[in-house]
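One structure is given here, and the rest of the page talks about it.
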Amino acid sequence: MKEEKKEKAPKDKSLKELVCTITAFAIIALFFFLDPPSGLSADGMKVLGIFISILFLWITIGIGWPSLLCLLALALVPSLGMSTVLTSSFGNQTFAFLLFTFMFTYAFSQTGYVKKIALGFVTSKYARKSPWRFALMFFAAVIIIGCFMSPTVLYFVILPILTEIYSILKLEKGNKYASMLMMGLVFCTSLSSGMTPIAHVFPVLSMNVYESLTGNVINYGQYMMFAIPVGLLIFAAMMLVFRFLMNPSTKGIDLQSKELDKMKKEIPPATRGEKMVLATFVLVIALWVLPSLIDIKFFEWIDGFGTAMPPLLGIIILSILKYEKKPLININESMVKGVSWPSIIMVAATLSLGAAMTNSSIGLTKYLSDSIAPITSNLSPILLLLLFGLWAGLQSNVSSHMVTAQLVPTIAVPVAMASGGALGAAAITSVIGLIASTGSAAPPSMPYVAVAGSSGWTTSSSLLKYGFLMMFIIIFISAFIGYPLADIIMR
């Protein structure tokens with residue numbers, strides 16, 4: 001019986017993929033050959049069909065080949081063509097920024113600093129005074145490191161540390177405190193990816209949509225001035241949920257074990273090479289953030305090169321500098337292991353799709369905003385904000401963060417622009433970028449959610465329960481505290 005079920009599952013999956021693929025191609029064909037409705041150009045009709053079909057494939061099949069299909073389909077639109085599509089996708093600065101950033105941050109992740117920071121928090125005197133202080137410091141370490149690292153890389157760097165902590169504290173699978181630590185690792189990994197745009201795809205995608213639609217830019221300093229304080233409030237709310245709603249027993253947890261000290265001592269001192277990597281990392285962060293905070297000509301000049309320049313400079317520096325006769329970055333290894341190629345291929349597709357949708361000659365954005373206006377015109381700004389926040393929250397928890405970060409602002413920004421200033425377009429974009437990063441309830445949201453749910457240390461049902469609870473808390477904090485703060489910063 002078990003063998004029959006195993007055989008049936010792949011067949012069912014293949015059949016589902018076949019049906020979804022045929023459906024998507026049928027949608028594209030339908031929109032390519034049907035006459036457009038009044039107010040929409042023929043090319044606008046084609047782009048709309050591509051948008052609907054590719055979104056359908058991203059949700060039902062995945063982000064791999066559907067992203068490549070998106071590029072091919074857009075190239076078939078007469079007013080675009082292959083050259084325009086490639087320029088707006090792989091030739092876009094956002095694509096280059098993510099490629100260089102993934103490569104650069106991988107070099108930093110290979111140093112001992114990540115483990116040192118994490119273990120420094122959990123082995124501190126403060127952390128070892130009580131299990132709740134220990135949990136607080138563990139989660140705080142994940143948040144701090146996660147602000148500068150890709151979420152998936154972060155999770156798999158911290159996971160072995162957590163596994164060893166389970167062993168030292170003699171926690172077994174099924175223990176509620178152990179489950180809380182695993183869930184907290186998942187939630188904090190996702191939350192940190194929304195707190196900065198550094199090595200994080202989701203806020204960058206939302207900001208790129210805003211730039212495409214308005215011609216204005218949300219710089220990294222502005223985004224972080226909004227997202228970091230809001231992220232810390234969400235972190236505090238998560239701790240309250242764990243402490244007073246989940247409230248796991250902490251009896252028998254011995255934090256004075258010498259094995260904790262041993263873990264920290266086993267990490268060798270930083271080498272001269274690692275110190276050079278750290279110094280370069282700090283330089284790149286400074287070149288990203290300082291131009292938006294300090295108004296001097298040098299930083300204005302640096303800012304003029306765009307966001308892709310600092311990590312590119314960092315890669316070059318690490319390639320030139322050597323330790324023990326080897327460059328500080330292995331270009332081939334960082335390209336293979338450090339770059340999430342499915343993610344940035346999807347970014348290329350979304351960038352090209354966004355450029356097509358916002359192309360004034362195609363006129364799709366105007367058509368969509370005019371069509372939505374009668375529905376949204378009677379809604380108050382706060383209801384619109386909650387509507388888009390709920391949409392982003394639900395979608396990011398049950399499907400791809402990347403799709404959410406691209407889709408929701410594509411609709412929200414034109415609505416905000418049509419509101420006559422009642423709803424700030426930059427502020428709502430930032431809020432959506434943060435919310436789209438945080439979904440952690442269901443396995444499709446992020447790969448590490450599926451890994452955690454099947455690990456035995458927590459369960460998919462627990463992640464679903466507390467993930468959705470956190471979703472509503474995140475929407476509430478983002479709408480009533482985050483949005484006003486972002487609006488003040490970005491007006």
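Starting from 1, each residue takes its place in the sequence as its number. Please read all numbers here as calculations on a predicted model, not as lab measurements.
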Less than 4.5 Å apart, any side-chain heavy atom of Met103 and any of Pro311?
no

Measure from the side-chain N and O atoms of Ser192 to the backbone N and O of Cys188, and report whether any donor-acceptor pair falls under 3.5 Å.
yes

Taking the side chain as everything from C-beta on, heavy atoms only, tell me whether Met224 gets closer than 4.5 Å to Pro197.
yes

Any heavy-atom pair between the side chains of Leu353 and Leu74 that's under 4.5 Å?
yes

In sequence, state the C-alpha distance, the side-chain angles, and the governing distance for Glu211 and Met207, and then conclude on side chain to side chain contact (heavy atoms under 4.5 Å, CB included).
CA-CA 6 Å; Glu211 184 178 355; Met207 290 190 284; over 6 Å; no

Reported CG-to-OG distance for the pair Leu159 and Ser455, which is rounded to 0.5 angstrom
7.5 Å

Please list every donor-acceptor pair under 3.5 Å in which a side-chain atom of residues 476-485 meets a protein atom from a residue at least two apart or in another chain.
residue: Ser478; atom: OG; partner: Ile474; partner atom: O; Å: 2.7
residue: Tyr483; atom: OH; partner: Gly424; partner atom: N; Å: 2.7

So Phe95 and Phe90, would you call those rings parallel, tilted or perpendicular, with 30° and 60° as cut-offs?
perpendicular

What do you reckon, is CD of Glu172 surrounded by more than 12 foreign heavy atoms closer than 6.0 Å?
no

Working to the nearest 0.5 angstrom, can you tell me the gap between Lys173 NZ and Tyr166 OH?
10.0 Å

Let me have the donor-acceptor pairs involving side chains of residues 404-416, under 3.5 Å, with sequence neighbours excluded, atom names and distances please.
residue: Thr404; atom: OG1; partner: Ser396; partner atom: N; Å: 3.4
residue: Thr404; atom: OG1; partner: Ser400; partner atom: O; Å: 2.9
residue: Gln406; atom: NE2; partner: Thr350; partner atom: O; Å: 3.3
residue: Thr410; atom: OG1; partner: Gln406; partner atom: O; Å: 2.5

Got a sec: does the NZ of Lys337 have more than 12 other heavy atoms crowding it under 6.0 Å?
no

Is it true that, when you exclude Lys170 itself, more than 12 heavy atoms of the residues, nucleotides or ligands shown sit nearer than 6.0 Å to its NZ?
no

State, with a plain yes or no, whether a side-chain heavy atom of Phe148 is found less than 4.5 Å away from one of Phe281.
yes

Donor-acceptor pairs are to be reported for all side-chain atoms of residues 174-187 against protein atoms at under 3.5 Å, with residues two or more places apart or in another chain.
residue: Asn175; atom: OD1; partner: Tyr177; partner atom: N; Å: 2.8
residue: Asn175; atom: OD1; partner: Ala178; partner atom: N; Å: 3.0
residue: Lys176; atom: NZ; partner: Met246; partner atom: O; Å: 3.0
residue: Tyr177; atom: OH; partner: Pro131; partner atom: O; Å: 2.5
residue: Ser179; atom: OG; partner: Thr458; partner atom: OG1; Å: 2.8

About how many Å separate CG of Leu154 and OH of Tyr448, when rounded to the nearest 0.5 Å?
8.5 Å

Apply side-chain hydrogen bond (donor to acceptor under 3.5 Å, both in side chains) to the pair Thr438 and Ser190, showing each step before the final yes or no.
CA-CA 5 Å; Thr438 56; Ser190 294; over 6 Å; no

Heavy atoms, side chains only, cut-off 4.5 Å: are Asn208 and Asn92 in contact?
yes

Close side-chain approach of Tyr155 to Met149, heavy-atom, < 4.5 Å
no

Is there a donor-acceptor contact under 3.5 Å from the side chain of Ser437 to the main chain of Gly433?
yes

Report the residue from Phe305, Phe102, Tyr220 that forms a ring pair (Phe, Tyr, Trp, His ring centres under 6.0 Å) with Phe97.
Tyr220

Out of curiosity, Tyr126 OH to Met137 CE, how far, rounded to the nearest 0.5 Å?
7.5 Å

What residue pairs, at least two apart or across chains, pass ring-ring contact (aromatic ring centres under 6.0 Å, His included) with a residue in residues 225-250?
Phe139-Phe242, Tyr223-Phe226

Going from CD1 on Ile218 to CD1 on Ile489, what distance comes out if it is rounded to the nearest 0.5 angstrom?
11.0 Å

Trp457 side chain to Ala452 main-chain N or O, any donor-acceptor pair under 3.5 Å?
no

Pairwise side-chain contact, Trp132 with Pro248, heavy-atom cut-off 4.5 Å (strictly under)
yes

Any donor-acceptor pair under 3.5 Å linking the side-chain atoms of Thr152 with those of Ser150?
no

Can you tell me how far CD1 of Ile475 sits from CG of Leu385, rounded to the nearest 0.5 angstrom?
10.0 Å

Can you list every ring-ring contact (aromatic ring centres under 6.0 Å, His included) pair that touches residues 198-218, not counting sequence neighbours?
Phe202-His401

Do the non-hydrogen side-chain atoms of Ile473 and Met470 ever get within less than 4.5 Å of each other?
yes

Side chains of Glu333 and Tyr106: any donor to acceptor distance under 3.5 Å?
yes

Partners meeting side chain to side chain donor-acceptor pair (under 3.5 Å) with Asn397 (sequence neighbours left out)
none

